[in-house]
Amino acid sequence: MREALFQFYKNIVEKCVDIEWKDLISVDPPKDASFGDFSTNIAMILAKKLNRNPVEIAEEIANQLRNNENVERVEVKKPGFVNWFVPKKVLLAYLPQMCEKDYARINLGNGRKVNIEYVSANPTGPIHAGHTRGAVSGDVLAELLKFVGYDVTKEFYINDAGKQIEILAKSLHHRYMELFGKTKESLPNWAYPGAYLVDTAKKLAAKYGDKFVETAESEWLEIFKQFAIDDMLAMIKDDLHALGVQHDVFSSEKDLVRSGAVDRVLEMLKGKNLIYRGVLPKPKSNDSEEWEEREQLLFRSTEFGDDVDRPLQKSDGSWTYFASDIAYHMNKIERGFDEMIDFWGADHGGYVKRMKAAVSALSNGAKKLDVKLVQLVRLMEDGREAKMSKRAGTFITARDIIDKVGKDVVRFIMLTRRDDAALDFDFKKVVEQSKDNPVFYVQYAYARTHSVLKQFEKTFGKQDVRISEVNANLLSEECLPLLKTIADWPRQVVMAARNREPHRIAFFLADVAAAFHSLWNQGKENTVLRCVLPDDFDKTCANLALIKAMQNVIETAFSIMGITAIKELR
RNA sequence: GCGGUCGUAGCUCAGUUGGAUAGAGCACGAGAUUCCUAAUCUCGGGGGCAUGGGUUCGAAUCCCCUCGAUCGCACCA
């Protein structure tokens with residue numbers, strides 16, 4: 001009995017018929033639990049293929065299932081569903097497996113190489129609160145895919161080649177001059193206003209002294225650029241570590257351009273006749289003035305479903321962000337990734353088509369780029385939107401919210417919504433330790449299990465309970481809902497991984513916690529249902545096995561989510 | 001104007017990738033604690049799934065229209 005429960009039943013159902021289109025068959029819990037524990041649509045699928053009455057087919061399959069001792073109370077319902085219950089003994093037989101470390105670790109990836117690129121914030125300042133969502137989603141998806149057998153590389157792309165780096169260096173220079181009292185004018189409005197550059201300037205001054213005070217821009221620019229990038233990156237990494245995020249690879253746009261990768265990849269696309277010089281039509285949004293018609297180097301993204309062809313070169317002759325991004329994704333392909341997943345902010349949505357087009361062109365359609373657009377986070381302060389002003393340098397940083405509520409809370413809350421739905425993050429609600437707050441709801445359930453273990457020790461003394469020697473039959477009926485929830489964990493993992501939806505794990509944990517809290521409270525009224533029973537050692541051990549299974553699931557889920565399980569709440 | 005994302009209970013959101021009578025939490029109403037932590041639990045009211053069509057045994061889910069929200073739309077990232 002190595003496979004997960006849902007697979008176990010899927011196999012049983014599949015054996016009932018001899019068909020090829022097994023992918024179409026679903027074996028899942030029905031919406032309404034009163035119909036049964038599992039349900040299959042197989043009769044409806046067959047009815048279509050064989051042009052027969054689904055209910056008749058359902059009856060035939062139901063009859064086969066009725067002969068199976070692992071299936072109970074088989075019923076056929078209206079359109080052609082076959083429903084059944086899981087016998088208690090099957091469920092109980094799974095208990096030891098549920099307690100194992102590798103429970104729910106199903107191999108979906110088969111070692112396929114996946115590159116997940118996330119955060120990729122510009123190295124011009126600390127990461128802000130909005131970045132944390134993509135950081136968490138990307139990180140948790142990476143861990144999830146690792147868990148199910150993918151070979152995952154977590155990657156951060158450094159946009160260190162553009163004009164904004166020059167502005168950064170000049171802003172730093174201004175702060176540097178300030179240190180030596182060499183500038184009277186206030187900070188120009190094109191400059192980055194954040195106070196963090198003052199610190200960077202101090203570090204730079206500590207290293208070089210006043211060496212650059214009198215020199216021309218050409219002397220200091222490159223040095224200031226590199227110094228600024230290095231310092232910003234160190235700061236960003238620091239912030240990410242505070243969030244529990246650690247990338248495997250940092251790729252530099254600048255290095256990529258220097259290596260000639262952009263020229264190479266464009267040459268290759270030229271060979272495929274996908275690049276030409278042309279003139280773009282004026283965009284409708286652009287009312288007038290600024291726009292000038294110009295011939296430029298274009299990529300034929302329209303051949304891959306994009307709306308217009310896209311420019312590769314700026315007016316000054318340097319590459320556009322898109323050009324180096326093409327080279328970057330080529331680089332990923334060359335490194336042998338079977339699949340690429342990029343996490344972008346929702347404001348980059350207009351960029352998806354052209355990038356997918358590029359990947360398709362580069363790999364002749366062989367490689368897939370999946371772009372996850374992460375919606376923005378609205379920071380709330382007790383129901384009101386927190387004011388942020390980038391201009392005044394008063395935006396809320398990732399560090400601010402991590403320091404305020406803790407890494408675990410940030411990570412959990414970021415997963416309480418689908419990526420493509422906007423999320424409100426209310427500081428006040430999130431630190432509140434109440435049922436309003438899903439983090440504490442789950443943590444509390446976990447803490448309770450540990451208080452049970454303590455209670456056990458107090459009652460029976462210190463001793464090992466071997467799961468394999470426990471008589472699971474002693475578990476009361478009231479434990480079954482929790483047991484069934486835990487039995488569903490592998491299926492949840494598969495769905496979350498297959499759909500690339502890490503948020504499902506957070507929702508599942510809330511279900512587990514709910515089932516447990518419910519069981520717990522039944523024990524308040526009916527002492528027989530408590531976990532630790534001073535008069536019944538054997539039954540206590542059975543309960544303990546269930547508790548351990550639940551702990552195991554929560555610990556596994558938390559480790560995928562990068563959250564620390566708390567044994568005792570105070 | 002074009003494109004992306006989205007529209008589900010009063011509020012915040014799930015919805016097993018086309019399944020059955022659409023689900024949670026909050027809020028509202030009524031209850032549970034001499035007890036393994038009440039930071040919890042139990043019960044109740046409340047929804048033509050934005051609108052109109054289409055595809056089929058079957059649609060919140062897939063396709064098209066309309067309305068609304070939001071993001072983007074030469075060269076910036």
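Below, chain A is the first sequence line, B the second, and so on; all start at residue 1.
- A:D488 and A:Q492 form a side-chain donor-acceptor contact under 3.5 Å, judged by distance and modelled atom types alone.
- Between A:R504 and the phosphate of B:C13, there is no side-chain N or O to OP1/OP2 separation shorter than 4.0 Å.
- Comparing B:G3, B:U16, B:A20 by their nearest atom to the side chain of A:R491 picks out B:U16.
- Proximity of A:K31 to the phosphate of B:A22: no side-chain N or O atom is located under 4.0 Å from OP1 or OP2.
- Both A:S26 and A:G162 lie near RNA chain B, and the one whose nearest nucleotide falls closer to the 5' end is A:S26.
- For the C1' atom pair drawn from B:G23 and B:A60, the interatomic distance equals 12 Å after rounding to whole Å.
- A:Y351 does not qualify as a stacking partner of the B:G72 base, lacking a centre-to-centre distance under 5.5 Å together with planes within 30°.
- Side-chain contact annotation: A:Q164 with A:T124, donor-acceptor N/O pair under 3.5 Å absent.
- Annotation: B:G10 and B:C67 have their C1' atoms spaced 22 Å apart (nearest Å).
- When the P atom of B:A24 is taken as reference, atom CG of A:D32 falls 10 Å away, rounded to whole Å.
- Of the P atoms belonging to B:C65 and B:C43, the separation is 45 Å, rounded to the nearest Å.
- Contact check on A:D419 versus A:R500 returns no salt bridge, with no Lys/Arg side-chain nitrogen under 4.0 Å from an Asp/Glu carboxylate oxygen.
- As judged by a 4.0 angstrom heavy-atom cut-off over every strand, A:Q443 is placed among residues making no nucleic acid contact.
- Looking at A:H348, its side chain comes within 3.5 Å of the base of B:A77 through a donor and an acceptor atom.
- Of all nucleotides listed (B:C13, B:U40, B:G15), B:U40 comes nearest to the side chain of A:R448.
- At a threshold of 4.0 angstrom between heavy atoms, the contacts of A:K353 are confined to the sugar-phosphate backbone, with no base atom among them.
- With A:W489 as the partner, the side-chain contact (heavy atoms from CB on, under 4.5 Å) test is satisfied by one option alone out of A:V553, A:D511, A:L5, A:V512: A:V553.
- No engagement by A:D511 is indicated, since no non-hydrogen atom pair under 4.0 Å with the nucleic acid exists.
- Nucleotides B:G25 and B:C62 are separated by 30 Å at their C1' atoms, to the nearest Å.
- Residue contacts for A:P30: at a heavy-atom cut-off of 4.0 Å it reaches a base atom on one of the strands shown.
- Stacking is not found between A:F440 and the pyrimidine-like six-membered ring of the B:A39 base under the 5.5 Å centre-distance and 30° plane-angle cut-offs.
- Contact check, A:S518 against B:U42: a side-chain N or O comes under 4.0 Å of OP1 or OP2.
- When distances are taken from the side chain of A:N41 to each of B:C76, B:U5, B:G19, the shortest belongs to B:G19.
- Listed nucleotides: B:C6, B:A77, B:A38. Nearest to the side chain of A:W520: B:A38.
- As rounded to whole Å, 11 Å separates atom P of B:U17 from atom CD of A:Q492.
- Residue-environment remark: NZ (A:K548) stays at or below the threshold of 12 foreign heavy atoms within 6.0 Å.
- Annotated as anti: B:G68, whose O4'-C1'-N torsion sits more than 90° from 0.
- As a whole-Å value, the separation of A:I505 CD1 from B:G15 P is 13 Å.
- Within the 4.0 angstrom heavy-atom criterion, base atoms lie near A:M44.
- The number of heavy-atom neighbours closer than 6.0 Å to CZ of A:R52, taken from other residues, nucleotides and ligands shown, is above 12.
- The line from CG of A:N543 to CG of A:D536 is 8.5 Å long, rounded to the nearest 0.5 Å.
- The side chain of A:N159 sits closest to B:A77 out of B:C13, B:C75, B:A77.
- Put simply, CG on A:L373 is 13 Å from C1' on B:G3, counting in whole angstrom units.
- Base engagement by A:K524 is indicated by at least one non-hydrogen atom pair under 4.0 Å involving a base atom.
- Across all strands shown, B:G3 pairs with B:C71; the Watson-Crick or G-U wobble distances both stay below 3.5 Å.
- A close approach under 4.0 Å does not occur between any side-chain nitrogen or oxygen of A:Q164 and OP1 or OP2 of B:C76.
- For A:D347, counting side-chain heavy atoms from C-beta on, the closest listed nucleotide (B:A14, B:A39, B:C71) is B:C71.
- Close placement of the A:F456 and A:F460 rings is indicated, their centers lying within 6.0 Å of each other.
- Listed nucleotides B:A14, B:U5, B:G19 differ in distance to A:F507; the shortest reach to its side chain belongs to B:A14.
- Among the heavy atoms of the strands lying under 4.0 Å from A:A422 are primed sugar atoms or P, OP1, OP2 only; no base atom is included.
- Judged by distance alone with a 3.5 Å cut-off, no donor-acceptor contact links the side chain of A:N521 to the base of B:A38.
- Taking 4.0 angstrom as the limit, A:H517 places none of its side-chain polar atoms (N or O) nearer than this to OP1 or OP2 of B:G25.
- Across all strands shown, B:A39 forms no Watson-Crick or G-U wobble pair with both distances under 3.5 Å.
- Considering only side-chain N and O atoms, A:Y321 lies nowhere under 4.0 angstrom from the phosphate OP1 or OP2 of B:A74.
- Judged purely by distance below 3.5 Å, without hydrogens or angles, the side chains of A:D342 and A:Y157 never pair a donor atom with an acceptor atom.
- Straight-line distance between the C1' atoms of B:G4 and B:C11: roughly 28 Å, to the nearest whole Å.
- The nearest heavy atom of RNA chain B to A:N83 and to A:Q313 marks one nucleotide each, and the one closer to the 5' end goes with A:N83.
- Contacts of A:Q375 with the nucleic acid, taken as non-hydrogen atoms under 4.0 Å apart, involve only primed sugar atoms and P, OP1 or OP2.
- In this structure, A:R498 reaches neither bases nor backbone, as no heavy-atom distance under 4.0 Å exists between it and the strands shown.
- Across the strands present, B:G44 finds its partner in B:C28; the criterion is a Watson-Crick or G-U wobble pair with both atom distances under 3.5 angstrom.
- At a cut-off of 3.5 angstrom, counting only N and O atoms as typed in the model, there is a donor on one side and an acceptor on the other between the side-chain of A:S39 and the base of B:A20.
- Across B:A77, B:G4, B:U40, the shortest atom-to-atom separation from the side chain of A:Y444 is found for B:U40.
- To the nearest whole angstrom, the two P atoms, one in B:G58 and one in B:G1, are 37 Å apart.
- Salt bridge annotation for A:D420-A:R418: present, with a cationic side-chain nitrogen under 4.0 angstrom from a carboxylate oxygen.
- Between B:G44 and B:A27, the two C1' atoms lie 14 Å apart (nearest whole Å).
- Using a 4.0 Å heavy-atom cutoff across all strands shown, A:V532 reaches at least one base atom of the nucleic acid.
- Taking every side-chain heavy atom of A:S451 into account, B:C36 is the closest of B:A77, B:C57, B:C36.
- Residue A:R418 has no polar side-chain atom (N or O) positioned under 4.0 Å from OP1 or OP2 of B:C13.
- Applying the Watson-Crick and G-U wobble criteria (two distances, each under 3.5 Å), B:A60 pairs with nothing in any strand.
- The C1' atoms of B:U16 and B:A22 are separated by 14 Å, rounded to the nearest whole Å.
- Among B:A20, B:C57, B:C41, the nucleotide with an atom closest to any side-chain atom of A:Y441 is B:C41.
- Across all strands, A:K163 comes closer than 4.0 Å only to sugar-phosphate atoms, never to a base (heavy-atom distances).
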